[in-house]
Amino acid sequence: MSIPVITADEAASYIKNGYSIGVSGFTAVGCPKAIGTAIAKKAEAEHAAGREFKINLFTGASTGESLDGVLSRADAINLRSPYQTNKDSRAAINEQRVRYCDYHLSQLSQDVRYGYFGKINVAVIEVCDYDEQGNLVLTTAVGNVPTYAQLADIIILEHNANRPKEMRGMHDIYIPLDPPYRKEIPLYKPSDRIGDPILKVDPKKIVGVIETFFDDEIKAFTELDETTTKIGENVANFLANEIKVGRIPKTFLPIQSGVGNIANAVLHGIGASEDIPAFEMYTEVIQDSVIDLVKDGNIKFASGSSLTCSKTAMDKVMNDLDFFHKHLVLRPQEISNHPEIVRRIGLIAINTAIECDIFGNMNSSHFYGTKMMNGIGGSGDFLRNAYLSICTTPSTAKGGMVSSIVPMVTHQDHSEHSLKVIVSEYGVADLRAKSPMDKAKEIIEKVAHPDYRELLWDYLKLSTKPSHTMQKLDKAFAMHLEFLNSGDMRNTKW
């Protein structure tokens with residue numbers, strides 16, 4: 001039976017109000033790029049006719065404009081999980097027009113299989129090659145789509161001819177058995193391959209394929225600036241010293257790094273250090289700096305769930321697939337982020353915060369405890385289980401009017417029990433084997449901006465009686481409130 005070629009509008013006709021849709025991709029790569037616009041058009045027509053039309057959208061992580069953007073503006077999303085970065089999606093979530101279930105990225109696949117989210121009606125999968133037996137070659141990401149394809153009633157393909165079928169062999173598709181039959185995941189180093197290079201699905205489920213030709217919707221990263229460069233140097237110097245004193249093996253350990261400009265700068269810093277040997281990566285997102293470091297020989301191998309690269313970096317990969325097949329692998333995110341593997345291989349995990357407090361708690365998802373930024377993503381998967389967990393943050397935001405180091409975080413994603421090191425452009429706070437007050441001294445003196453150090457010390461003096469953690473509950477958020485009132489935390493009066 002041949003797979004019929006259909007239009008995006010014909011594909012959208014299979015999507016009904018209330019359906020749960022699982023899509024391929026992780027970040028704005030490897031995602032479907034045609035069907036979202038068609039679903040949004042259908043939603044607008046249904047709304048104009050006075051009928052309800054919303055779907056539940058499950059992804060790998062964030063998506064691009066062609067999914068989160070168009071669907072949010074069309075008021076077509078009821079429930080969204082596990083992660084997003086789109087401004088229209090963010091607005092809809094914070095206005096409670098979209099129900100958002102922020103989720104650890106390693107856990108969603110298994111919890112969908114456990115039935116916690118109900119039925120998956122449709123899986124939409126971007127591929128660079130396929131056959132009538134249901135053998136699919138994915139494109140630039142894997143995400144959660146192996147589980148969505150396994151559970152969905154029907155499958156719609158988007159064949160993106162802009163991605164060569166020679167990508168076959170870059171993926172490693174492995175789905176763990178569910179309890180009580182689950183076994184250990186037999187992966188012991190980043191370059192191990194434990195699954196299949198293709199995604200095998202039931203061909204009877206495939207109702208059609210949409211022919212497309214699209215680039216991934218990734219913008220170029222911002223150039224390194226003085227602050228991000230210094231953060232990268234501080235991380236590299238800290239890790240080099242850890243090797244020198246023997247707390248990290250001389251052969252080094254695999255690196256995980258979050259996504260974004262700071263993460264790019266950190267990897268540049270590590271790669272440029274003469275005191276850190278060539279290393280491997282076991283991460284969720286392989287981005288621009290990784291591609292350059294692989295080509296230069298500073299990264300020996302990189303395992304992730306997505307190639308989240310600018311067009312320039314992506315072209316380097318696509319034009320040299322013979323080389324990158326030997327140095328890259330893309331996995332389902334429940335494997336790329338799996339706590340068992342993170343703990344076993346001794347990962348050095350480096351992720352970025354919105355704010356940290358003086359006792360070592362971290363907020364990576366909310367502004368002022370109420371407004372969702374993007375979500376927790378995979379940071380919890382890595383930081384809680386890492387050999388060494390590092391948080392990076394500029395010391396200030398908003399031109400110095402906001403301190404990234406505060407008395408108490410307004411939303412806690414990662415507690416003091418998970419975080420071992422905080423790095424800003426001013427230095428490194430090593431929180432290992434320290435009491436709360438020892439941590440406070442380390443954080444204030446070494447990573448807080450000089451404009452805020454005296455203010456933070458004065459906060460600690462407000463408590464008249466000693467306690468294990470010297471918080472003053474009626475003043476803990478005074479700096480945040482001052483910014484909301486005057487626009488500058490430096491105006492805070494205790």
Side-chain angles (χ1 to χ4, degrees), residues 8 21-40 57-74 76-77 80-93 98 100 102-103 105 108 123-128 138-145 148 158 160 162-163 167 170-171 210 212-222 257-261 263-264 283-291 304-318 328 330 332-333 336-337 352 372-378:
I21 315 301
V23 301
S24 63
F26 188 105
T27 69
V29 301
C31 304
K33 301 173 181 68
I35 197 170
T37 300
I39 295 173
L57 181 61
F58 299 97
T59 63
S62 55
T63 71
E65 166 64 19
S66 297
L67 276 173
D68 272 327
V70 296
L71 292 172
S72 294
R73 290 194 297 274
I77 302 176
R80 178 74 174 86
S81 193
Y83 187 80
Q84 57 75 46
T85 59
N86 180 270
K87 64 182 179 63
D88 294 307
S89 173
R90 185 180 305 122
I93 289 165
V98 169
Y100 185 49
D102 188 19
Y103 229 72
L105 295 187
L108 185 64
V124 187
I125 309 172
E126 183 180 88
V127 298
C128 62
L138 301 177
T139 60
T140 44
V142 180
N144 287 321
V145 79
Y148 300 150
E158 286 198 12
N160 188 353
N162 194 29
R163 296 293 173 233
M167 287 195 72
M170 189 168 282
H171 310 89
I210 308 166
T212 70
F213 192 94
F214 287 113
D215 282 322
D216 287 310
E217 297 172 333
I218 294 292
K219 297 177 181 177
F221 291 98
T222 303
S257 178
V259 66
N261 297 320
N264 240 10
T283 190
E284 57 187 13
V285 172
I286 297 170
Q287 55 187 30
D288 284 26
S289 55
V290 178
I291 303 306
S305 193
S306 73
L307 280 170
T308 303
C309 297
S310 66
K311 187 178 186 309
T312 300
M314 189 70 78
D315 287 345
K316 292 180 184 178
V317 176
M318 295 301 141
L328 302 179
L330 301 178
Q333 67 196 66
S336 68
N337 294 36
T352 304
M372 170 59 64
M373 179 60 179
N374 299 326
I376 192 170

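Please read all numbers here as calculations on a predicted model, not as lab measurements.
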Q.
For a 4.5 angstrom cut-off between non-hydrogen side-chain atoms, does S24 reach P32?
A. yes
**Q.** For Y83, all residues meeting ring pair (Phe, Tyr, Trp, His ring centres under 6.0 Å), sequence neighbours excluded
**A.** none
Q: Would you name the heavy atoms of C128 and R163 that are closest together and state the gap between them?
A: CB-O, 3.2 Å
Q.
So V285 and Q333, do their side chains get closer than 4.5 Å, heavy atoms only?
A. no
Q | Under 3.5 Å side-chain donor-acceptor pair for N264 and D288 | A | no
**Q.** Validation row: L307, M314 side chains within 4.5 angstrom (heavy atoms)
**A.** yes
(Q) Are S62 and N374 packed together at the side-chain level, in the sense that at least one heavy-atom pair is separated by less than 4.5 angstrom? (A) no
Q.
For a 4.5 angstrom cut-off between non-hydrogen side-chain atoms, does D216 reach K311?
A. no
**Q.** Residues which pass side chain to side chain donor-acceptor pair (under 3.5 Å) with D88, listed by chain and number, not counting sequence neighbours
**A.** R73
**Q.** salt bridge (charged side-chain N to carboxylate O under 4.0 Å, His left out) partner of K33, the single match among E217, E126, E158, E65
**A.** E126
(Q) Testing the basics here: between A141 and S306, what is the closest heavy-atom pair and its distance to 0.1 Å? (A) CB-CB, 3.7 Å
Q) Is the closest side-chain donor-acceptor distance between S310 and T312 under 3.5 Å? A) no
**Q.** Shortest non-hydrogen contact between F26 and S305, atoms and distance
**A.** CD1-OG, 3.9 Å
Q) When you measure from the side chain of N162 to the backbone N and O of F213, does any donor-acceptor pair fall under 3.5 Å? A) no
Q) Quick one: does L67's side chain get under 4.5 Å of V23's, heavy atoms only? A) yes
Q.
Checking V290 now: which residues fulfil side-chain contact (heavy atoms from CB on, under 4.5 Å) with it, not counting sequence neighbours?
A. L267, M281, I286, V294, I299, A302
Q | Exercise: do N160 and T139 side chains pair donor with acceptor under 3.5 Å | A | no
Q.
Run the side-chain contact (heavy atoms from CB on, under 4.5 Å) test on D68 and T85 for me, step by step, so that the C-alpha distance in whole Å, both residues' side-chain angles and the decisive distance to 0.1 Å come before the verdict.
A. CA-CA 9 Å; D68 272 327; T85 59; over 6 Å; no
Q. Heavy atoms, side chains only, cut-off 4.5 Å: are T59 and R80 in contact?
A. yes
Q | Reference residue V70; test side chain to side chain contact (heavy atoms under 4.5 Å, CB included); the match among T37, I39, N86 | A | T37
